[in-house]
Amino acid sequence: MLWLKKIIPLVFSIITVILVSFFWDQITLPYKNTNEIIGEYSKNNHHQLNDTLRFICFLFFPLLVFCTTYILTNQNKIKSYKYIFYTSELNGSINKNNYEKNFYFIFFCLILFINFLSLDLPDHKLDIFHEGQLLSGALNYNLKDKLWTGSYINTGLFYDILNTKFSWLFFEKESIGAYRLFSFVFNYIYPFFVIILIYQISRIFNFSKKRENLFFVLFIIFCFYFYNTKSYNFPNYRDLFTIFFLICLCNALILNKLKNLNYFLIGSFSITSLLWSLDRGIFLNATMILLIVILLFKKQFFEILVICTSILLFWVLFIFAVGIEELNSFVFNSTNMLKYNEIWNGIIHPQPFSDDKNSTRASKALILFVINGIFIFKYLIKKKNKLNLNTILFLGLFFIIGIFYYKVGISRSDGGHIVIGSSINYILFVILIIYELLSSDYIKFKKKLNFNINFLMPIFLLLITLISFNQKNKHSFENFISFNKRINDFISKESNYFLQKDYLNFINQLRTLTKNENCIQNFNYDSTMYYLLGKKSCTQYYLIFTMATKNDQEKFIDQIKGINYLVVDNYKHADKFSAYSRFPLVKNHLEKYFQVLTTINEYDILIKRN
């Protein structure tokens, strides 16, 4: 009967997963497009919340079935409601002075540092869509001296404008190389803080020093593979504030290390994370609300006061720093992006276990969510559990922020975004699996582990080294010893070096044509030309791709009334979601008041009709 009690909840959960997957396409909301926003969703009459609702069903129903059947079949093993929600449990013992783990920490940081110094610098050709967003955003700020009032920001103030601006100030050169090097450095700062987070998490399970060290090393192997190999070309530094939050939460909730300071820092992330990257900031703020609710149940009122005071203080400082006009534009810009971004930019999430594109990747991510939820539920309610309550709450909040993060994969369900959106979930899964392995009650396993651990560690360290340097980009000792010279050369490279020949020809001709213009404006998805021509955009919409509603189109038309030239694609309708296809009000206005002056490569230069 004992084995039956264990297997019944799992069997019913698996059946529920199959049922939800089977009815995936039937989980829909009535489609309306009152704002007439054109994109993948409008093409398929797909409500913007369909995939979010499907994800909630996929996660909620299997976990609900598991929880219900587990409680019914294991009533004598369940903690009381009051113990779970109202107990203020003391922390368990924490290993101190673990010199061997400190050695591993230094070793990993050194590997990361050598990796950074010996890697080829990113001298590939310019991505005129994604990189133009950051370069032209910073130039717009330089020339307009405005933030949201001067530029309609897509991702976040720091990501779209200030990071590039700071790179130019730091390197004293407004170049593509300076911007790229700054981003390159940030993508290495990020895994450094991941290592710090792993170092802290390895302390929360009350392992012996040997097991703590093994947990740390095994976890590092996964993270080096995930960030340095699997997703090395993603802008992972957008997730920095999530890692900061988890480090501070671990310190405050479990390690009891400078608790009030860490809660104060957590409160400061409310506004700073939104400015860093809007969607990540929303995820973090939602998790912060849940943290406050948990502290309320635990009657930790002073800690709540510290967090709320910090939130209020940093919001007030932000308002004083930018002023009311910029604040209003920030609220309007951010609200619009949150309301409409998914509608015009969304890609429908694949049905699990189907032939849909990226279904395999999405299915793995969804299954891991269910598995992680089962683990954390069992830790929370089982009487016989080695984890203290604060550790379980930390893992629960880790799980919750991972759920919010998958909105990235739900909203734009291509392969890359599914990987990014499920990254927090993957990390948590690895934490739980390694914990389960190292806390196993099998005596033979423990004896073998104690016997072999000293032999295994050098092998693991070698594996980490091989993973770290096994990237598509090239490493060399020559790179290492000539790092300073390479940096100076890279920063000093002219923009022409990073451009395709045809595009450079277009920019040169456009520069001659618009030399007497104070600003320029395009109506396509090329956001780089502003930076290359050294001219501000005539409208807020330097990144046309982010326009969505009728109101956006009307504002754009109003702001181009005084311009003479406008750049559009020559093949205006070649892409089903081109600017001409998505924005009919602007299209009709341009056809009425502008005509083609000349064609350069793939671009038409329009001039205002007399």
Side-chain angles (χ1 to χ4, degrees), residues 88 91 94 105 109 156-159 162-163 166 185-186 188-204 223 236-322 330 390-402 404-405 423-424 427-428 431:
S88 182
N91 299 321
I94 302 294
F105 176 82
C109 291
L157 177 64
F158 278 87
Y159 186 79
L162 295 186
N163 286 348
F166 292 152
V185 170
F186 262 111
Y188 273 85
I189 289 174
Y190 176 78
F192 170 72
F193 281 101
V194 170
I195 293 173
I196 293 176
L197 174 63
I198 297 168
Y199 184 93
Q200 298 294 69
I201 290 176
S202 66
R203 303 175 64 195
I204 70 177
C223 287
N236 294 313
Y237 62 87
R238 283 182 62 185
D239 301 330
L240 260 175
F241 275 88
T242 304
I243 301 301
F244 293 161
F245 173 82
L246 291 171
I247 291 172
C248 291
L249 183 64
C250 185
N251 287 338
L253 198 61
I254 307 170
L255 302 180
N256 208 23
K257 184 178 180 182
L258 299 174
K259 183 169 70 172
N260 291 332
L261 174 61
N262 280 286
Y263 279 132
F264 184 82
L265 290 173
I266 285 173
S268 73
F269 299 152
S270 174
I271 179 61
T272 51
S273 62
L274 289 170
L275 300 178
W276 185 258
S277 182
L278 181 62
D279 58 346
R280 270 60 166 183
I282 293 295
F283 306 150
L284 213 56
N285 275 272
T287 310
M288 209 177 296
I289 292 171
L290 291 176
L291 171 62
I292 291 172
V293 171
I294 288 171
L295 294 176
L296 187 64
F297 272 111
K298 291 168 70 65
K299 299 181 179 180
Q300 295 184 359
F301 302 117
F302 183 76
E303 287 79 357
I304 295 173
L305 179 63
V306 171
I307 294 173
C308 292
T309 300
S310 178
I311 291 172
L312 180 62
L313 174 63
F314 279 88
W315 270 94
V316 169
L317 289 174
F318 163 67
I319 294 170
F320 273 103
V322 301
F330 162 69
N390 288 334
T391 299
I392 298 168
L393 293 176
F394 172 77
L395 294 174
L397 287 169
F398 205 128
F399 177 61
I400 292 298
I401 201 170
F404 293 143
Y405 245 73
S423 59
I424 300 295
I427 291 172
L428 178 60
I431 291 173

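These numbers come from a predicted model, not from an experiment.
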Inset, instruction - Quick one: which residue pairs count as a side chain to side chain donor-acceptor pair (under 3.5 Å) with a foot in residues 306-315, not counting sequence neighbours? - result: S270-W315
Legend entry - Within-4.5 Å side-chain heavy-atom neighbours: L249 and N262: no
Inset, instruction - Quick one: closest heavy-atom pair of I201 and C250, and the distance? - result: N-SG, 4.3 Å
Inset, instruction - Sequence neighbours left out, what pairs pass salt bridge (charged side-chain N to carboxylate O under 4.0 Å, His left out) with at least one residue falling in residues 242-255? - result: none
Legend entry - Rounded distance (nearest 0.5 Å) linking atom OG1 of T272 with atom CG of L265: 9.5 Å
Inset, instruction - Side-chain contact test, heavy atoms from C-beta onward, threshold under 4.5 Å: evaluate it for I304 versus Q300 and give yes or no. - result: no
Legend entry - Derivation and outcome, side chain to side chain contact (heavy atoms under 4.5 Å, CB included), residues K298 and L393: CA-CA 11 Å; K298 291 168 70 65; L393 293 176; 3.7 Å; yes
Inset, instruction - Step through it carefully: locate the ring centre of F245, locate the ring centre of F269, and say whether they are under 6.0 Å apart. - result: no
Inset, instruction - May I ask you to check whether F186 and W276 place their ring centres under 6.0 Å from each other? - result: yes
Legend entry - Spatial distance of atom OG (S202) from atom CZ (F105) [nearest 0.5 Å]: 10.5 Å
Inset, instruction - Taking all heavy atoms of M288 and all of I266, pick out the closest pair and write down the distance. - result: CE-O, 3.2 Å
Legend entry - Minimum-distance pair of heavy atoms, taken over all atoms of T391 and I204: OG1-O, 3.2 Å
Legend entry - Short side-chain to backbone donor-acceptor contact, S277 and S273, under 3.5 Å: no
Legend entry - Gap separating the CG atom of L246 from the CD1 atom of I424, nearest 0.5 angstrom: 6.5 Å
Inset, instruction - Begin with the C-alpha distance, continue with both residues' side-chain angles, and end with the deciding distance and a verdict on side chain to side chain contact (heavy atoms under 4.5 Å, CB included) for F399 and L395. - result: CA-CA 6 Å; F399 177 61; L395 294 174; over 6 Å; no
Inset, instruction - Under the side chain to side chain contact (heavy atoms under 4.5 Å, CB included) rule, what do F318 and L275 come out as? Steps first, then yes or no, please. - result: CA-CA 10 Å; F318 163 67; L275 300 178; 3.8 Å; yes
Legend entry - Closest contact, heavy atoms only, V306 versus N260: CG1-O, 3.4 Å
Legend entry - Proximity of Y190 and Y237 rings by center, below 6.0 Å: no
Inset, instruction - Could you check if a side-chain atom of F398 sits within less than 4.5 angstrom of a side-chain atom of I427, using non-hydrogen atoms only? - result: yes
Legend entry - Side-chain touch I401/R280, heavy atoms, less than 4.5 angstrom: no
Inset, instruction - State, to 0.1 Å, how close L253 and F394 come at their nearest heavy-atom pair, and which atoms those are. - result: CD2-N, 3.8 Å
Inset, instruction - For residues I311 and I271, determine if any side-chain heavy atom of one lies less than 4.5 Å from a side-chain heavy atom of the other. - result: no
Inset, instruction - Drop me the distance from N390's CG to L255's CG, to the nearest 0.5 angstrom. - result: 10.0 Å
Inset, instruction - Just grab all the salt bridge (charged side-chain N to carboxylate O under 4.0 Å, His left out) pairs involving residues 267-279, residues at least two apart or on different chains. - result: R238-D279
Legend entry - Any side-chain heavy-atom pair of I307 and L295 under 4.5 Å: yes
Inset, instruction - Only counting residues at least two apart or in another chain, list the ones meeting side chain to side chain contact (heavy atoms under 4.5 Å, CB included) with I400. - result: L290, I403, F404
Taking only distance into account, with no hydrogens and no angle test, what donor-acceptor pairs under 3.5 Å do side-chain atoms of residues 192-200 form with protein atoms, sequence neighbours excluded?
residue	atom	partner	partner atom	Å
Y199	OH	N102	OD1	2.4
Q200	NE2	N251	OD1	2.5

Inset, instruction - With sequence neighbours excluded, give me every salt bridge (charged side-chain N to carboxylate O under 4.0 Å, His left out) pair touching residues 303-314. - result: K259-E303
Legend entry - Distance in Å, C248 SG paired with F241 CZ, rounded so as to fall on 0.5 Å steps: 10.5 Å
